[in-house]
Amino acid sequence: MAIDNAKIESIEALRRAGIEPYPYSYHVTNHAKEIRDNFSEFEGKEVSIAGRAMQLRQMGGITFIDVQDRTGKIQGLIRNNDLDQKSLLVLTNSSIGDNLGIRGIVMKSKRGEISVSARELTMLSKTLRTLPNKWQGLTDTEARYRFRHVDLMMNREVLKTFEVRSKFMRHVRDALDSRGAIEVETPILQDLYGGASAKPFTTTYHTLDDKQMFLRISDELYLKRLIIGGAERVYEVSKDFRNEDADTTHNPEFTQVEYYEAYSDYETFMKMMEEMLSAFATNTFGSTKVEYQGETIDFAPPFARMYWVDELKKMSGIDVSSISDEDVKRINDAEGLGLKHPDRYHVADSLFDKYLKGKTLQPTFVLDFPTYMCPLTKTKRGNPLLAERFELYVGRMEVANSYSELTDPLYQRKMFEEQERARKKGDEEAPPFDEDFLNAIEYGMPPTAGIGISIDRPTMVFTNQTSIKEVILFPPMKSTPPNESLPPKESALDS
RNA sequence: GGGCCCGUAGCUCAGUUCGGUAGAGCAUCUGGCUUUUAACCAGGUGGUCGUGGGUUCGAUUCCCACUGGGCCCGCCA
């Protein structure tokens with residue numbers, strides 16, 4: 001991707017002839033796909049197309065250029081005899097990678113390729129860089145992420161992936177809007193963080209006496225204030241930030257939609273997720289069935305319900321709803337969980353992973369967690385050992401997490417006190433005591449269901465990707481001095 | 001944090017077995033060719049072999065460290 005001095009010479013040649021290689025605009029009348037799909041209507045008519053030259057086949061007085069626009073490719077058929085002086089000069093100074101505009105007549109070449117037979121050729125942007133080769137393209141993962149613009153132009157399925165992501169986000173918004181919810185924005189820069197257990201990113205606000213601030217790890221505590229204020233149904237499409245390692249299903253910066261609905265419980269949201277995901281699959285792919293890594297995932301409702309504490313008891317003989325701190329070490333050893341600092345929470349979590357996670361390829365509500373795993377959740381009606389919480393799994397990945405939210409302010413205060421003690425003992429992930437939030441909830445919060453819907457992971461399923469980095473346009477990369485960005489020769493820049 | 005694999009031309013890759021001044025295809029440049037589509041034919045340009053150190057008469061090759069990336073594991077509501 002080095003700068004090519006021959007291309008700079010082309011720029012100079014064009015300018016000498018009074019042709020600007022970086023013009024302001026171009027009137028595009030049609031796109032590649034519509035012309036190809038409706039050839040009989042377009043045949044013989046004049047169109048103007050624009051896009052990037054991806055391939056160029058020159059044979060004396062005739063040149064074929066494959067022009068790629070956002071809908072696909074179409075061939076430009078360019079005969080020197082059909083062109084005026086200016087267009088000819090553009091042609092001789094064109095190369096693969098340039099943005100070109102072609103005005104011409106739609107026709108078929110002798111070999112039957114739908115083409116635009118050029119009457120005028122316009123340089124829309126002269127490239128200085130060389131595109132990857134046309135056979136293998138750009139495949140190096142690191143280069144693809146660091147030079148996503150090149151990845152996008154060479155690997156068009158990447159653009160498709162992000163179109164699906166966009167559609168999914170749009171669909172989630174529409175589904176929540178149709179429930180009468182309002183979309184809100186709450187602070188990303190926060191004095192205090194909370195709503196999850198995670199290490200935060202910190203930053204400094206210089207004009208406020210260099211105050212330390214945090215990037216949010218969740219939206220929960222702000223959205224609940226809006227519920228308390230009487231908004232009833234609110235959601236936020238939120239970038240959250242957690243200062244943790246990345247892997248194929250975790251990114252330190254990720255997107256979820258948090259939604260809170262007053263007077264509802266988690267049962268409401270199970271139905272909502274079934275409708276939301278099955279409708280999306282049907283609208284987007286024409287079926288509730290989606291191929292994922294050689295397996296078929298079916299979003300047709302109802303989704304499976306896994307009462308996992310019962311299920312786990314059947315399979316392992318362990319009832320995690322009632323294990324004591326004394327049991328923990330013994331189970332850790334007997335089950336070979338390998339936890340360094342076993343506690344009830346992590347033992348239960350590991351047992352789920354060991355026995356049950358593998359069974360969640362199909363959309364599955366994993367529900368009713370031990371209360372000790374859910375400090376912000378109401379207990380299950382009729383069983384105080386369990387809490388009303390579900391996680392939705394798809395493709396063996398957690399894609400949503402929902403509670404019947406805790407609304408008892410005195411209990412909430414107790415939980416903050418407990419987390420504060422854990423913090424002082426050195427638990428970096430325990431959220432800090434938040435008196436402002438307690439003040440809010442002390443005004444009385446109506447019964448409320450809350451849910452966090454992942455955007456990244458469902459997009460992985462819908463686009464058949466195994467790495468979260470494939471559904472994030474610019475995944476974080478370690479910094480490295482780019483060694484290929486050499487400046488052009490000075491002589492070329494002077495003129 | 002641990003293990004395995006990888007980094008050679010703009011891109012995709014050979015070469016390293018057994019150390020001896022670096023190769024192909026595409027791209028690019030020059031010439032030829034007015035219906036090609038991986039166009040073709042002829043010729044040319046292009047490389048601190050990821051970085052630093054060590055061994056050696058000599059290192060892209062062997063050794064060490066570092067760096068960047070991928071996968072697996074650990075961690076992570």
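Values in this document were obtained by computation on a predicted structure and should not be read as measured data. Values below: every heavy atom of this structure, side chains too, minus hydrogens, waters and symmetry copies.
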Would you say [X] places a side-chain N or O within less than 4.0 Å of OP1 or OP2 belonging to [N]?
X	N	result
Lys110(A)	rU36(B)	no
Lys199(A)	rC75(B)	no
Gln58(A)	rU34(B)	no

| query | Would you say the side chain of Asn81(A) and the base of rU34(B) hold a donor-acceptor pair, judged only by whether the two atoms sit under 3.5 Å apart? | reply | yes
| field | Donor-acceptor pair (no angle test) under 3.5 Å: Gln75(A) side chain, rU36(B) base | value | yes
When we call it a touch if two heavy atoms are under 4.0 Å apart, what does [X] touch: a base, just sugar-phosphate, or nothing?
X	answer
Gly137(A)	sugar-phosphate
Pro431(A)	nothing
Met154(A)	nothing
Tyr403(A)	base
Lys108(A)	nothing

For the [atom1] atoms, the ones on [N] and on [M], what distance do you get once it is rounded to whole angstrom?
N	M	atom1	value
rG50(B)	rC18(B)	C1'	26 Å
rC57(B)	rC71(B)	P	44 Å
rA22(B)	rA9(B)	P	14 Å
rC26(B)	rU37(B)	C1'	15 Å
rU8(B)	rU51(B)	C1'	15 Å
rG53(B)	rC73(B)	C1'	32 Å
rG10(B)	rU21(B)	P	23 Å
rU61(B)	rU56(B)	P	16 Å

Counter-base of [N], judged by Watson-Crick or G-U geometry with both distances under 3.5 Å:
N	value
rC62(B)	rG54(B)
rG43(B)	rC29(B)
rG1(B)	rC73(B)

Round to the nearest Å and state the distance from [X] atom [atom1] to [N] atom [atom2].
X	N	atom1	atom2	result
Asn93(A)	rC29(B)	CG	C1'	13 Å
Tyr145(A)	rC71(B)	OH	C1'	12 Å
Asp82(A)	rU34(B)	CG	P	14 Å
Leu83(A)	rU34(B)	CG	P	15 Å
Leu56(A)	rU36(B)	CG	P	16 Å
Arg146(A)	rG10(B)	CZ	C1'	17 Å
Arg57(A)	rA38(B)	CZ	C1'	9 Å
Trp135(A)	rA38(B)	CH2	C1'	6 Å

Looking at [Y] and [X], is there a salt bridge between them, counting it only when a charged N and a carboxylate O are closer than 4.0 Å?
X	Y	answer
Glu253(A)	Lys239(A)	yes
Glu418(A)	Lys414(A)	no
Glu142(A)	Lys478(A)	no

From [options], nucleotide with atom closest to [X] side chain:
X	options	answer
Ser109(A)	rA38(B), rU37(B), rA77(B)	rU37(B)
Lys478(A)	rA38(B), rG69(B), rU35(B)	rG69(B)
Tyr345(A)	rU35(B), rA27(B), rA77(B)	rA77(B)
Arg111(A)	rU37(B), rU28(B), rA77(B)	rU37(B)
Ala6(A)	rA77(B), rG69(B), rC29(B)	rC29(B)
Met107(A)	rU35(B), rA77(B), rU12(B)	rU35(B)
Thr139(A)	rU12(B), rU34(B), rC29(B)	rU12(B)
Phe64(A)	rU36(B), rC71(B), rA38(B)	rU36(B)
Glu142(A)	rG68(B), rU35(B), rC11(B)	rG68(B)

| field | Position toward the 5' end of RNA chain B (nearest nucleotide), Thr92(A) or His346(A) | value |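 In this pair, the answer is Thr92(A).
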| Pairwise 5' ranking along RNA chain B for Gln136(A) and Asp66(A), keeping only the more 5' one | Gln136(A)
Stacked cation flag [X] on [Y], 6.0 angstrom / 45 deg:
X	Y	result
Arg413(A)	Phe416(A)	no
Lys224(A)	Phe437(A)	no
Arg389(A)	Phe369(A)	yes

| Any side-chain donor paired with an acceptor under 3.5 Å for Asp219(A) and Ser238(A)? | yes
| message | Using 0.5 Å steps for rounding, measure from the CG atom of Asn383(A) to the OG1 atom of Thr379(A). | response | 8.5 Å
| message | With rounding to the nearest 0.5 angstrom, report the CZ to CG distance, Phe433(A) to Leu438(A). | response |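 Result: 5.0 Å between the selected atoms.
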| message | Check the orientation of Phe352(A) and Tyr393(A). Use parallel for under 30°, tilted for 30 to 60°, and perpendicular for over 60°. | response | tilted
Can you check nucleotides 72-74 of chain B for protein contacts, nitrogen or oxygen pairs under 3.5 Å, and list what you find?
none

| query | Any donor-acceptor pair under 3.5 Å linking the side chain of Asp82(A) with the backbone of Arg119(A)? | reply |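 Pair absent, no side-chain N/O of Asp82(A) close to backbone of Arg119(A).
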